[in-house]
J.: 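Have a look at this one.
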Amino acid sequence: MNIYLIGFMGSGKSYTGQQLATALDLPFVDLDERIEQAEKRSIGQIFESEGESYFRNLEAQLLRATAAEGPAVISCGGGTPCFHQNMDWINTNGLSIYLKASVQLLAKRLKKGQEHRPLIRGFNTTELEGFIAERLEQREFYYNQAEIVIVQDDNQSLVPQLLTLCENRLKI
Ligand code: S3P
């Protein structure tokens, strides 16, 4: 069974996912990277040339393709759970973990490197916080369906806590 990490952009899915995979001795998969490899172009370029709905279709397909491999730790994109019944699919096929973070913590992290993320490119701090607050409110409907919800503070490693939770659930 795969472990799926979900949460808003900047919630640390890739960073924590890699650490958790190492600790569990499992492969790590980044769904955004899978999409970029499949398309041989960046997420930004896919959004620009094909639009969001093309990206969401691809994302749903490549998410489902992960069922054929594993066990692995899989970092999803921030929007993955919110389209194409993906959250139901994740909960049927794997263990879901929501990495929850405050608007302020997400904005602080997203300020660095925001130009690589098509949805938040060019926002100043106030616009970024406003965007995150609004999106997060819509998206938490999906994120809160995760089997495990972890609330994080800045700089705190989530891995020891996650390791215990995963070992208990998966009987590793
Ligand atoms: C998105 C988040 C991104 C990426 C795409 C759309 C979103 O992933 O999938 O830019 O809708 O929140 P990360 O959360 O890994 O940045």
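What you see below is based on every heavy atom in this structure, not just the backbone, and it leaves out hydrogens, waters and symmetry mates. Bear in mind the structure is a predicted one, so any value in this text is a computation, not a measurement. Each ligand, and each atom within it, is numbered from 1 in the order the structure gives.
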J.: Just distances here: any N/O of K13 and N/O of ligand 1 closer than 3.5 Å?
T.: yes
J.: State the atoms of ligand 1, each with its element, that fall below the 4.0 Å cut-off from a heavy-atom position in G77.
T.: 8 (O), 9 (O), 14 (O)
J.: Which residue owns the protein heavy atom closest to atom 12 (O) of ligand 1, what's the atom, and how far is it?
T.: R139 NH1, 2.7 Å
J.: Looking at N91 and Q145, would you say the former's side chain and the latter's main chain have a donor-acceptor pair under 3.5 Å?
T.: yes
J.: Counting heavy atoms only, which part of L119 comes closer than 4.0 Å to ligand 1: side chain, backbone, both or neither?
T.: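 The answer is the side chain.
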J.: Among I132, D32, L5, whose heavy atom sits nearest atom 9 (O) of ligand 1?
T.: D32
J.: Tell me which one of R135, R117, R56, H116 gets a heavy atom nearest to atom 11 (O) of ligand 1.
T.: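 Among R135, R117, R56, H116, the closest heavy atom to atom 11 (O) of ligand 1 comes from R56.
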J.: So, is P118 polar-close to ligand 1, with some N/O to N/O distance under 3.5 Å?
T.: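 Not met; the criterion fails.
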J.: Walk me through it: do Y54 and E59 pass the test side chain to side chain donor-acceptor pair (under 3.5 Å)?
T.: CA-CA 9 Å; Y54 177 91; E59 178 178 58; over 6 Å; no
J.: So, are E48 and R121 salt-bridged, with charged N and O less than 4.0 Å apart?
T.: yes
J.: Going by the angle between their ring planes, with limits at 30° and 60°, are W89 and Y4 parallel, tilted or perpendicular?
T.: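 Ring orientation of W89 relative to Y4: perpendicular.
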J.: Do NZ/NE/NH1/NH2 and the carboxylate oxygens of R41 and E36 come within less than 4.0 Å?
T.: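 Salt bridge between R41 and E36, a charged N being under 4.0 Å from a carboxylate O: no.
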J.: What is the closest protein heavy atom to atom 5 (C) of ligand 1, and at what distance does it sit?
T.: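 Going by distance alone, atom 5 (C) of ligand 1 is nearest to I43 CG2, 3.9 Å.
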J.: Quick one: do the K40 and Q37 side chains pair a donor with an acceptor below 3.5 Å?
T.: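 The answer is no; no qualifying pair exists.
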